[in-house]
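Some notes on the structure that comes next.
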Amino acid sequence: MAIMDAYTPEEIETRWQRRWADAPPMDAGPEGPEAPRFYLLEMFPYPSGRIHMGHVRNYTIGDVMARFLRARGYRVLHPMGWDAFGLPAETAAIQRGVAPAKWTYENIDAMRVQLRRMGFSYDWKCELATCHPGYYRWEQLFFLQMLEKGIAYRKKAVVNWCEQCGTVLANEQVEGEQCWRGHRPVTQKEIDGWFLRITAYADELLDGLDTLGGWPEKVRTMQRNWIGRSYGVQIGFPLVECEGALEVFTTRADTLFGVTFASIAAEHPLAETLGAAGGRQAEVRAFVERIRSQDPTERAQGKEGVFTGCHVVNPVNGERVPVYVANFVLMGYGTGAVMAVPAHDQRDFDFARRYGIAIRVVVQPPGRELEPDTMEAAYEDDGVLVASAAFTGKTSEQARVDIAQHLRANGEGRTTVNYRLRDWGISRQRYWGAPIPVVHCADCGVVPVGADQLPVVLPTDVELLAGGASPLPTLESWVNTQCPRCAGPARRETDTMDTFVESSWYFLRFTAARLDTAPFDPQELARWLPVDHYIGGVEHAVLHLLYSRFFTRVLRDLGWVRLDEPFRNLLTQGMVIKDGAKMSKSKGNVVDPDDLVRTYGADTARLFSMFAAPPEKDLDWSERGVDGSYRFLSRVWRLALAFEGRALVWADPGAGVVDDEGAGKLRSLVHETIRRVTRDIGERRHFNTAVAAIMELVNAIYDRRAGRVDDDAATQFATATVLRLLAPFAPHITSELWERLIGGPALDRLPWPEVDVSALVREKVEMAVQVNGKVRARVSVAVDASEAEILACALAEQKVAAELSGRSPRKTVVVPGRLVSIVL
RNA sequence: GCCGGAGUGGUGAAAUGGCAGACACGCCGGACUCAAAAUCCGGUGGGGGAAACUCCGUGUCGGUUCAAGUCCGACCUCCGGCACCA
């Protein structure tokens, strides 16, 4: 026997990668044969400079699918690009003195090398970087069109400010009390900025979730909660001490007769007015100032408030109730004022107990009677109304409808909808982002830049300021410009756009990444969109994935796309965990993909990330597990190379040429494995079990070959099929072995193996026989045996007869091919 | 607190209501070797038994069913999301 070449992944893989760079696997350009199309996309990375294990996992899932789908005859669009604007480039610039643009493009180059080294089959000719003017010029155009339609607008608002990032953040980008990048504190600040009217699409975004059957329920639920639609009534409570009325929002109109006070937020415009009118200006001011200076956590400690000295009138019963300023009322939700029903709202209950305000029960639960004096908590569920005039005796459900009706008839209120969702604040007080294309003119105010003047190019020859602030406001040559309207002197907007704006439409641009006369080619959009399968981390459930759904609809309404939902199917992969924690520098448990690839090769890295867990679960990184994957590939290597020097016959020998029983069994197993792997990759997306099936086949081939010198057609067919099934997971080693043993068409040009269903049919099946639910025997019966024959066979078993000991079964169940169940 | 998801060997995990633990890691044993590594073969949920076998076993307690990891009800634990949203 000749000395076998050792498995040397590094040498094999780099050689194949060079070949693939010259002749990419069937790309997805507009020309070519008509075939079913598949847009497969993975969330594009921020070019930090290095890929991490999360990327390896995410992109391996995508690449396995891409290679599989190509073999199945699809034309696959599988692009890769760079989410290239963002703060780390500025931080690096300050720390290391490299310009953000240079730093970013160098990182992109480095990461592209890493991705190629993994063997990922991207359509590199679609590559894009969002920091390129050829990309963001279209975003600026969209912005101008949104401005015209009122979707983009400017307002002064209380917003989240991240001290460390030196910028404003959207609500979605604040998690707990820290910013999404992990910084704290995030404080509240009142500032002028640009917003996109996502709330105008709240209903559509919410209802659209029902059409997304290909999304995980978890993500849909998260978006539903985030949008937070609630139906209720807005009621005007006339003010006693001044003119006008206090507008409140409630979902519990059925408790209206239980109102014993009203509360308004510290930021409510009436706070000052009511304080003055009620003669308690000093107290109110002091309270408001104290509350407003608190950070969100501090503010969430307990319920407190101050009486304004003023009252409002309950429209349904004419009662005067006091108005308080309360720390727990949010200005940002509803009207910033609430009617308070202590008996039926826990917050109001706490507040009423603290300040000695009356508690009035107006909803009684079934089966017991609430007494205000003995209540220990508010009763918040539905019940039957009491002490509610004409509505007494009605159920809560009915009363909500009837009272709303009554208020509407008297002009005292109207039904309305409220959302938890806020408009998307996109202004960032940062340098490394897409400039917002407007100017500020002393005479004309805010004036949009003409569409023919785009792009407003971000200057790249800048000096970053040591303090971290954006250099744009002080960059006179850039910031000073002419007003497009009056031609007078004007200053450019120095805020840049949230980088989530770029990622909200990149998947559309991939279909015509190099087009420079328009953002999209309508024909290409129609051809590819929506994305058939999108893969990424669940952390973007209410960030990128919500923004993209919104942006797609805006572009639809602007006439750019004909599409409601951008992503038909979504796969959210779990995190990569090591030693029980997410990989992070601070925990010191990071595995560097470069080290991994150097030691084991890309194929092993790919195989392990697919084998260790199903994609949606967290993946526990294990050095031993990686080693196991490497050993499996080595095992395949040795198995296949045993044939070196002889041409391996890879065709199915067919049922006829089977020479002995073992060969027939092996051939059946090959087809069974094709069936399993095809289903696991194509339908179930359980790549781990697909790999397990291939391993079983390899084990079976080893079993058959044990002790044999000669290798029959079935063994050769099985070995070749292993290479074909394993190719999407480990493209390098399989390509290498295929070329050495078979040559002919390259493995990645070959169609996916077909299942011969007739090969799956067995003559006999083994079935379990249960007596009273316990397996007592096994019988081997012909597959086409009737139920009666199977039963007779089972009853004839000695063990079964012993169990029966002469009794006759009370009931029998025969599931052909599975088992026989006998009940005594 | 509310909303999701998950609890299966020593470990990662697998199982259209039909023989729980496929596949892999680890461990144990054997072959090869002067020896070790690598490799190949075998064993490996727990209890009992020399063995044939046998009993128990998928977070807990109930239920439906000839049959439940899987369906239903209640609960416990862990993870994730939201969190004074009126």
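The figures here come from the full heavy-atom set of this structure, side chains too, leaving out hydrogens, waters and symmetry mates. Residue numbers begin at 1 in each chain, while the letters A, B, ... track the order of the sequences.
Across all strands shown, B/C76 is found opposite B/G7 as a Watson-Crick or G-U wobble partner, with both distances under 3.5 Å. Of the nucleotides present, B/C41 is the one that pairs with B/G29 by Watson-Crick or G-U wobble criteria, both distances under 3.5 Å. Both distances falling under 3.5 Å, in either a Watson-Crick or a G-U wobble arrangement, occur for no nucleotide opposite B/U58. Across all strands shown, B/C82 is found opposite B/G1 as a Watson-Crick or G-U wobble partner, with both distances under 3.5 Å.
Nearest-nucleotide positions on RNA chain B place A/Ala612 closer to the 5' end than the other of A/Ala612 and A/Lys774. Of the residues near RNA chain B, A/Glu766 and A/Arg347, the one whose nearest nucleotide (by heavy atom distance) lies more toward the 5' end is A/Glu766.
A donor-acceptor pair shorter than 3.5 Å cannot be found between the side chains of A/Asn772 and A/Arg810. Under 3.5 Å, the side chains of A/Ser263 and A/Arg347 contain no donor-acceptor pair of N or O atoms.
Remark: A/Arg818 is not in phosphate contact with B/A67, judged by side-chain N or O atoms under 4.0 Å from OP1 or OP2. When the side-chain nitrogen and oxygen atoms of A/Arg420 are compared with OP1 and OP2 of B/C3, none of them lie within a distance under 4.0 Å. At the phosphate of B/C40, OP1 or OP2 sits under 4.0 Å from a side-chain N or O atom of A/Arg635. Between A/Arg631 and B/C25 there is a side-chain polar atom (N or O) within less than 4.0 angstrom of OP1 or OP2. Phosphate proximity of B/C53 to A/Arg776: absent, as no side-chain N or O sits under 4.0 Å from OP1 or OP2. The shortest distance between the side-chain N/O atoms of A/Arg224 and the OP1/OP2 oxygens of B/C2 is not below 4.0 Å.
B/U58 and B/A14 are spaced 12 Å apart, taking the C1' atom of each and rounding to whole Å. Going from the P atom of B/C71 to that of B/G7 covers 11 Å, rounded to whole Å.
Between B/A86, B/A22, B/G12, one nucleotide has an atom nearer to the side chain of A/Thr251 than all others, and that is B/A86. When the nucleotides B/C19, B/A86, B/C23 are ranked by their closest atom to the side chain of A/Ser230, B/A86 comes out on top. Nearest nucleotide to the side chain of A/Lys811, out of B/C23, B/C66, B/A86: B/C66. Distance from the side chain of A/Glu696 is smallest for B/A22 among the nucleotides B/A24, B/A22, B/A86.
The two residues A/Met767 and A/Val781 come nearest to each other via the heavy atoms SD-CG2, 3.7 Å.
When each of A/Tyr630, A/Phe729, A/Trp621, A/Phe687 is checked for a ring-ring contact (aromatic ring centres under 6.0 Å, His included) with A/Phe608, only A/Trp621 meets the rule.
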